[in-house]
There are 2 protein chains.
Amino acid sequence: MAATILVVEDEPAIQELIAYNLKQAGHNLLKADNAEQAMHIVQTALPDLVLLDWMLPGISGVEFARRLRADRRTKQIPIIMLTARSEEQDKLTGLETGADDYVTKPFSPRELNARVKAVLRRRAPQVTDDVVRLGGLDLDPASHRVSGNGQPIELGPTEFRLLHFLMTHPERVHSRAQLLDQVWGDHVFVEERTVDVHIRRLRKALEPSTLDNLVQTVRGTGYRMSATL
Amino acid sequence: MAATILVVEDEPAIQELIAYNLKQAGHNLLKADNAEQAMHIVQTALPDLVLLDWMLPGISGVEFARRLRADRRTKQIPIIMLTARSEEQDKLTGLETGADDYVTKPFSPRELNARVKAVLRRRAPQVTDDVVRLGGLDLDPASHRVSGNGQPIELGPTEFRLLHFLMTHPERVHSRAQLLDQVWGDHVFVEERTVDVHIRRLRKALEPSTLDNLVQTVRGTGYRMSATL
DNA sequence: CCGGACCGTCACGGACCCGTAACATTGCGT
DNA sequence: ACGCAATGTTACGGGTCCGTGACGGTCCGG
């Protein structure tokens, strides 16, 4: 539960307030009061979470977030943005840019802690190279092998990455766009329906093990990996 | 708890009275004595609450409220209306228009403060994707799963959003128009009776868990989610 | 150069869901 | 008790979303 958190905030008072509370909650704190400094810290320390003030001198919070998202090493670091007003516009821009949540000033320490906790919990399943086991499925990223109920399963590269992602983020609905981002990679221009086809191929490959119903459709939303049966 | 409040009132004496009291309570005050002026302030300052006299020269309070509700940026700003008469008609019109509460003149400062406090506290709970539990129902936005008394429940997309909204705003009556706004989205042209049908479908889906009576009808007003039984 | 593996797209058909109307029922005022 | 209005309930047509098979293209290794 203890995490390294970077706070990017130019007002010393607010930064102190945040830092105090998060230290109380058992986190390690890093501080920056502008985007350049923050960028440097991110590159070297790779924090688990960034608390980002939306209004910054020099490079804005929006731009900073965009740069984080552009780099493969930092793209999955969650961002909580701090915004002065509860303006709908900011929220939209923020969420589009890739912020995971937002907190409007003024905020209570309790609220801040709750959000931080939620975001960290949400990102909990870290992508590792460990063997993933779930619901009778075994997937080994190192050897690139998959087996269902002991029987080996043959998968193409894309289906493998797809299954890997789904298994490491189970019990959670992923939109086709999210799957394209996470499995195909950013900035690829591929029809969303393509996801359907690969889901189909994945299911077909899981059929012999009668594990194909682990991959479930949530109509109007996306796909989900069930953890049981 | 400190909030920015806009007072729209044409009688200087009453405006002063209100302003004095609310400043004492620690709020930031904005004042307007007609609707045009008020509209301008709202657009630029985005207050947290509007105290609105129902009888105004020029554009009436009703019309002003309607305009607030028409704009996406201002539609969720709560409104407390001040009405001279305690006539049932005014209350109904007001609540239909989207006022959150009303205070009838003459009122005591104590009552006014109480109402303001209540409305601010009541402000829409922030939408998070945390699991919602209530009265035996579990709803998980992330995995898009619902269960009642442990048994899984199948819902269509609309019923899911409907139940989600009701569970996050329980013990409160929602008119059909409000439900259409919140669940269907803005600017959709859908018959209000459609809400009835989806309520029906939701109840039917909850029947197997004998939780269907959690969704209650308030005749002449709308629907409400009960927190118990 | 050829063939296989893999991928992205498309088209078709079916399943599902939604909005509406029409009818049945309930609740409330008189 | 009666009648009106509000709500419950059901059925249906249309539209959207999704599963599925097929097709052409690309990339490599032989």
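Each chain gets a letter, A, B and so on, in the order its sequence line appears, and its residues count up from 1. Treat the numbers as computed from the prediction; the structure is a model and nothing was measured. Values below: every heavy atom of this structure, side chains too, minus hydrogens, waters and symmetry copies.
No more than 12 heavy-atom neighbours from other residues, nucleotides or ligands sit within 6.0 angstrom of CD on A:Glu154. Within 6.0 Å of CZ on A:Arg203 lie more than 12 heavy atoms contributed by other residues, nucleotides or ligands.
Under the 30°/60° scheme for interplanar angles, the aromatic rings of B:His198 and B:Trp184 are found to stand perpendicular. Between A:His169 and A:His174, the ring-plane angle classifies as perpendicular under the 30° and 60° cut-offs.
Here C:dC7 presents its C1' atom at 13 Å from CG of A:Leu180, a figure rounded to the nearest Å. Look at CG on A:Asp196: it is 6 Å from P on D:dG19, rounded to the nearest Å. The distance from atom CZ of A:Arg193 to atom C1' of C:dA11 is 10 Å, rounded to the nearest whole Å. As rounded to whole Å, 15 Å separates atom C1' of C:dC18 from atom CZ of B:Phe189. One atom, CD of A:Glu191, and another, C1' of C:dC10, lie 10 Å apart when rounded to the nearest Å. Here the P atom of nucleotide D:dT20 and the CD atom of A:Glu207 are 8 Å apart, to the nearest Å. We find that CG of B:Asn213 is positioned 13 Å from P of D:dG8, with the value rounded to whole Å. Taking atom NE2 on A:His198 and atom P on C:dA5, their separation rounds to 16 Å, with Å as the unit.
A:Trp184 has no side-chain polar atom (N or O) that falls below the 4.0 Å cut-off from OP1 or OP2 of C:dC7. Regarding contacts with the backbone of D:dG19, a side-chain N or O of A:Thr217 is found under 4.0 angstrom from either OP1 or OP2. Side-chain nitrogen and oxygen atoms of B:Tyr223 include none within less than 4.0 Å of the OP1 or OP2 phosphate oxygen of D:dA6.
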Protein and nucleotides 25-30 of chain D: nitrogen or oxygen contacts under 3.5 angstrom:
none

Restricting both atoms to N or O, compile the protein contacts to nucleotides 10-16 of chain D shorter than 3.5 Å, with distance only.
from, atom 1, to, atom 2, distance (Å)
D:dT10, OP2, B:Arg200, NE, 3.4
D:dT10, OP2, B:Arg200, NH2, 2.1
D:dT16, O2, A:Arg219, NH2, 3.1

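Salt-bridge check for A:Arg133 with A:Asp138: passed, with a basic side-chain N closer than 4.0 Å to an acidic carboxylate O.
Between the side chain of A:Arg161 and the backbone N or O of A:Val183, at least one donor-acceptor pair lies under 3.5 Å. Side-chain atoms of A:Glu159 come within 3.5 Å of backbone atoms of A:Gly156 as a donor-acceptor pair (strictly under, hydrogens ignored).
In this structure, a donor-acceptor pair under 3.5 Å is present between the side chains of B:Arg145 and A:Ser226.
Using a 4.0 Å heavy-atom distance criterion, A:Glu159 is classed as a sugar-phosphate-only contact. B:Thr194 comes within 4.0 angstrom of a nucleotide base, judged by non-hydrogen atoms across all strands.
The structure places CD of A:Glu192 at 6.0 Å from CG of A:Leu180, a figure rounded to the nearest 0.5 Å.
The side chain of B:Val190 lies closest to C:dT20, out of C:dT20, C:dA11, D:dG8.
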